[in-house]
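First the structure, in the form of structure tokens, and then the observations on it.
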Amino acid sequence: MKVGSLVIYKAQVALVCEIEDGKIWIDSADTVLPKKKVREKDVALLTEGPITKLTDVLNAEIPTVDFSVASEFFSSTTSFEEIVSLFYGKLLPAQMWKAWLAISTSQYFKVPAFGAPILVLSDAEIELQKQKEQEKQNENIRYQEFLSDIQKVLTKKSDTSIIDTGKYAKFIQEIEQVALGKLTKSRVLTDIKKKQQAETAHELLLTLNIWDSAKNPYLTRAHLSGSDARGIVDKPQFQKNFKDLTHLTSYAIDNPGSSDPDDAVCFDNGILYIHVACPAETILPDSSLDEEACDRGASIYLPENIVRMLPESATEYFALLSPQCYALTFAIDFDEHFAPRDISIFRSRISVMRLTYKEADAHKDDFLKSLFDLAKKLFERRMQNGAISIEFPEVQIRVENKTNIILEPAKQFESSKVIREMMLIAGEAGALFAFKNQIPFQYISQEQASIPHKLPEGLAGEYQKRKHMRTRTMSTVPSRHFGLGLSMYAQVTSPLRRYGDLISQQQILHFIDKEPLIDKDTFLQKLSRAELSVRTLNQVMRLSKTHWILVYMNEHIEQSYEAVILDIFDRKAHIMILELAFETDMSLKTNRTVNEHIFVRVQSLSIPFQQCVCVEV
């Protein structure tokens with residue numbers, strides 16, 4: 001290479017005008033920086049020239065030739081020099097760039113890069129390439145037609161029937177990928193000048209009538225599995241030592257239709273027995289099932305679906321479904337203040353009677369009286385210890401056949417509060433047992449809330465209490481749970497659906513069996529990993545619940561709702577629509593007070609953006 005040589009630099013032609021110390025100065029057609037210093041290895045020599053002016057190269061003309069006969073003269077590959085020699089004969093150095101352009105852009109050759117062998121295409125390959133080019137042109141035409149049809153729908157010049165989902169399938173799929181969080185950008189959104197975000201893509205799909213309002217994107221958008229965990233759960237043999245408690249009747253009290261009861265309770269002769277399903281019997285630490293459960297964090301409960309943390313067979317083997325079954329039992333003896341005095345945990349075989357909350361309430365004055373009385377004492381103890389009880393209306397949302405939304409106020413049964421107290425005392429007992437025996441464990445704590453001394457009455461007061469509660473903390477170090485009024489607390493009663501409960505149960509079984517425990521660092525690492533997933537799935541469950549409420553409101557857009565004012569600020573009110581247990585902000589037109597009941601209707605709402613504007617009626 002020398003001064004006056006013609007080179008290719010970044011796919012463009014350039015003229016070598018100076019060489020010094022192994023580097024060269026080139027003159028290029030770049031209008032911003034025409035002269036630049038580059039390394040010799042960064043350029044490819046086209047011809048040594050000599051050439052004095054780059055304009056001679058750019059303005060050069062070459063004969064028009066027919067490359068269609070190239071395959072008759074060359075085998076599968078050839079070189080730039082051979083093609084030039086055959087079709088052009090001898091060219092001037094200044095003409096070599098135009099020759100390269102003609103060859104590299106010809107449909108009869110496939111050119112990887114300058115200096116590499118050039119592939120000579122056969123007639124069949126040329127035809128295939130033409131077809132691809134034609135398909136590309138046709139696709140571009142379809143794309144432009146799609147953009148045109150979208151604009152017609154958006155400007156209401158046409159209805160959604162013009163959107164041909166078959167014809168435009170590829171472009172629609174791209175929008176869906178953004179709406180589902182699988183892509184971050186869409187050419188369609190760019191070209192119609194819309195924001196590159198999942199909510200905008202979702203909104204467009206609804207506007208074009210490609211998705212219906214019932215489409216719930218949040219599970220997929222969060223990159224969570226929509227299927228139950230898979231794998232083989234080893235069937236338990238229950239050959240290790242257990243206590244036979246079948247002479248006592250334990251009660252599994254739950255909602256009607258519950259298919260996976262994981263706890264049962266019995267109070268006999270001053271001892272409270274809380275029996276828990278025991279999947280840790282065969283789902284061992286670091287097994288494939290354990291690892292998947294850790295990554296999932298918990299089961300996901302959506303109005304339209306349940307996605308289970310463990311395979312279905314785990315429920316079959318371990319849930320307290322049979323009149324007699326095996327469990328992990330927490331036996332608690334109480335002192336005179338109804339604090340746990342003596343705690344033992346062991347494997348057991350039990351007799352189970354299943355009851356709904358309604359059925360349990362009907363027996364609160366006969367065979368379940370002792371449980372109801374104990375729950376009352378446990379609740380009073382927690383309240384004396386500073387627990388904060390918050391009572392809000394709740395609504396159960398169920399979606400059948402993908403579109404039928406059923407909203408029912410959550411019925412308040414006294415027995416549901418009884419079971420809550422039983423689960424809380426089990427959690428306290430599990431934490432005390434682990435702490436006493438120095439077992440690395442999952443502890444749940446909560447700092448003291450800064451609740452104002454003077455609270456409004458009614459739901460407005462409950463709202464203020466909830467508003468000032470602190471976020472719970474998960475740790476391997478026990479600490480007070482101020483919200484529950486417990487000195488220490490762990491979650492231990494749902495190992496079929498919460499990984500923290502499962503790994504804590506594994507620890508208890510290892511301790512009982514005198515086997516090595518999961519060390520503290522590994523235990524914390526697993527808990528932290530699961531907790532990240534739990535935060536995501538909790539958000540998905542909240543978003544999904546709001547989604548279906550908004551879908552319901554959209555389907556009943558003319559309906560009026562009774563609402564209560566929970567808070568007032570800057571001429572706005574935070575309200576709860578009682579029928580839906582749905583909270584939102586709205587502007588006030590007249591002076592109002594907290595706890596005041598008003599009637600509202602929906603003025604506008606956005607399902608993709610989860611926004612709802614209500615006005616008073």
Side-chain angles (χ1 to χ4, degrees), residues 1-31 33-140 170:
M1 188 179 301
K2 57 187 180 181
V3 173
S5 294
L6 204 59
V7 296
I8 297 177
Y9 175 70
K10 293 185 177 180
Q12 295 298 319
V13 68
L15 179 63
V16 177
C17 52
E18 188 178 345
I19 299 177
E20 62 174 22
D21 300 329
K23 291 193 175 182
I24 60 176
W25 283 90
I26 59 173
D27 183 10
S28 70
D30 189 337
T31 57
L33 190 63
K35 291 188 181 296
K36 50 179 71 82
K37 191 177 184 180
V38 299
R39 297 175 301 179
E40 187 171 337
K41 68 177 183 177
D42 292 333
V43 299
L45 179 63
L46 185 60
T47 175
E48 289 191 336
I51 297 171
T52 56
K53 294 186 298 182
L54 186 61
T55 53
D56 292 342
V57 175
L58 299 176
N59 296 329
E61 296 183 358
I62 58 174
T64 301
V65 296
D66 181 9
F67 292 127
S68 63
V69 296
S71 60
E72 299 177 12
F73 295 94
F74 300 112
S75 59
S76 59
T77 59
T78 185
S79 66
F80 171 64
E81 292 77 14
E82 289 177 337
I83 297 173
V84 169
S85 176
L86 177 64
F87 287 95
Y88 294 106
K90 189 168 181 63
L91 291 177
L92 296 173
Q95 294 176 301
M96 297 301 283
W97 169 247
K98 289 294 180 71
W100 167 250
L101 288 179
I103 293 168
S104 62
T105 58
S106 170
Q107 63 179 333
Y108 299 101
F109 304 113
K110 187 173 183 180
V111 184
F114 185 81
I118 296 174
L119 180 64
V120 182
L121 301 180
S122 66
D123 291 344
E125 290 171 327
I126 292 168
E127 184 59 32
L128 181 60
Q129 188 164 294
K130 286 180 179 179
Q131 291 176 7
K132 289 182 178 179
E133 185 61 32
Q134 185 61 50
E135 288 174 4
K136 186 176 180 181
Q137 292 177 8
N138 292 340
E139 181 176 303
N140 187 56
K170 180 178 180 179

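Heavy atoms only: backbone and side chains are in, while hydrogens, waters and symmetry mates are out. Here, residue 1 is the first one in the sequence, and each next residue gets the next number.
The side-chain hydrogen bond (donor to acceptor under 3.5 Å, both in side chains) test applied to Ser104 returns no partner, not counting sequence neighbours. The side-chain hydrogen bond (donor to acceptor under 3.5 Å, both in side chains) search around Glu127 returns none, not counting sequence neighbours. Under the rule for a side-chain hydrogen bond (donor to acceptor under 3.5 Å, both in side chains), Asn59 has no partner lying at least two apart in sequence or in another chain. Taking the side chain to side chain contact (heavy atoms under 4.5 Å, CB included) definition, one finds that Glu81 meets it with Ser79, sequence neighbours left out. Gln137 pairs by the side chain to side chain contact (heavy atoms under 4.5 Å, CB included) definition with Glu133, Gln134, not counting sequence neighbours. Scored by the salt bridge (Lys or Arg N to Asp or Glu O under 4.0 Å) test, Glu20 finds Lys37 as partners (sequence neighbours excluded). Lys170 meets the salt bridge (Lys or Arg N to Asp or Glu O under 4.0 Å) test with Glu139; sequence neighbours excluded. Partners of Gln131 according to the side-chain hydrogen bond (donor to acceptor under 3.5 Å, both in side chains) rule, which considers only residues two or more places apart in sequence or in another chain, do not exist here.
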Distance-only donor-acceptor pairs under 3.5 Å for side chains of residues 2-17, two or more places apart:
unit_1: Ser5; atom_1: OG; unit_2: Lys2; atom_2: N; d: 3.1
unit_1: Ser5; atom_1: OG; unit_2: Lys2; atom_2: O; d: 2.8

Solution key, residues 87-100 side-chain donor-acceptor pairs under 3.5 Å, sequence neighbours excluded:
unit_1: Gln95; atom_1: OE1; unit_2: Leu92; atom_2: N; d: 2.9
unit_1: Gln95; atom_1: NE2; unit_2: Glu61; atom_2: O; d: 2.7
unit_1: Lys98; atom_1: NZ; unit_2: Leu58; atom_2: O; d: 3.0
unit_1: Lys98; atom_1: NZ; unit_2: Ala60; atom_2: O; d: 2.9

Which donor-acceptor pairs under 3.5 Å do the side chains of residues 105-121 make with protein atoms, sequence neighbours left out?
unit_1: Thr105; atom_1: OG1; unit_2: Leu101; atom_2: O; d: 2.6
unit_1: Ser106; atom_1: OG; unit_2: Tyr108; atom_2: N; d: 3.1

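Every pair passing salt bridge (charged side-chain N to carboxylate O under 4.0 Å, His left out) that includes a residue from residues 41-51 is listed here, sequence neighbours excluded: Arg39-Asp42.
What you find for Val69 and Phe73 is that their closest heavy atoms are O-CD1, 3.2 Å.
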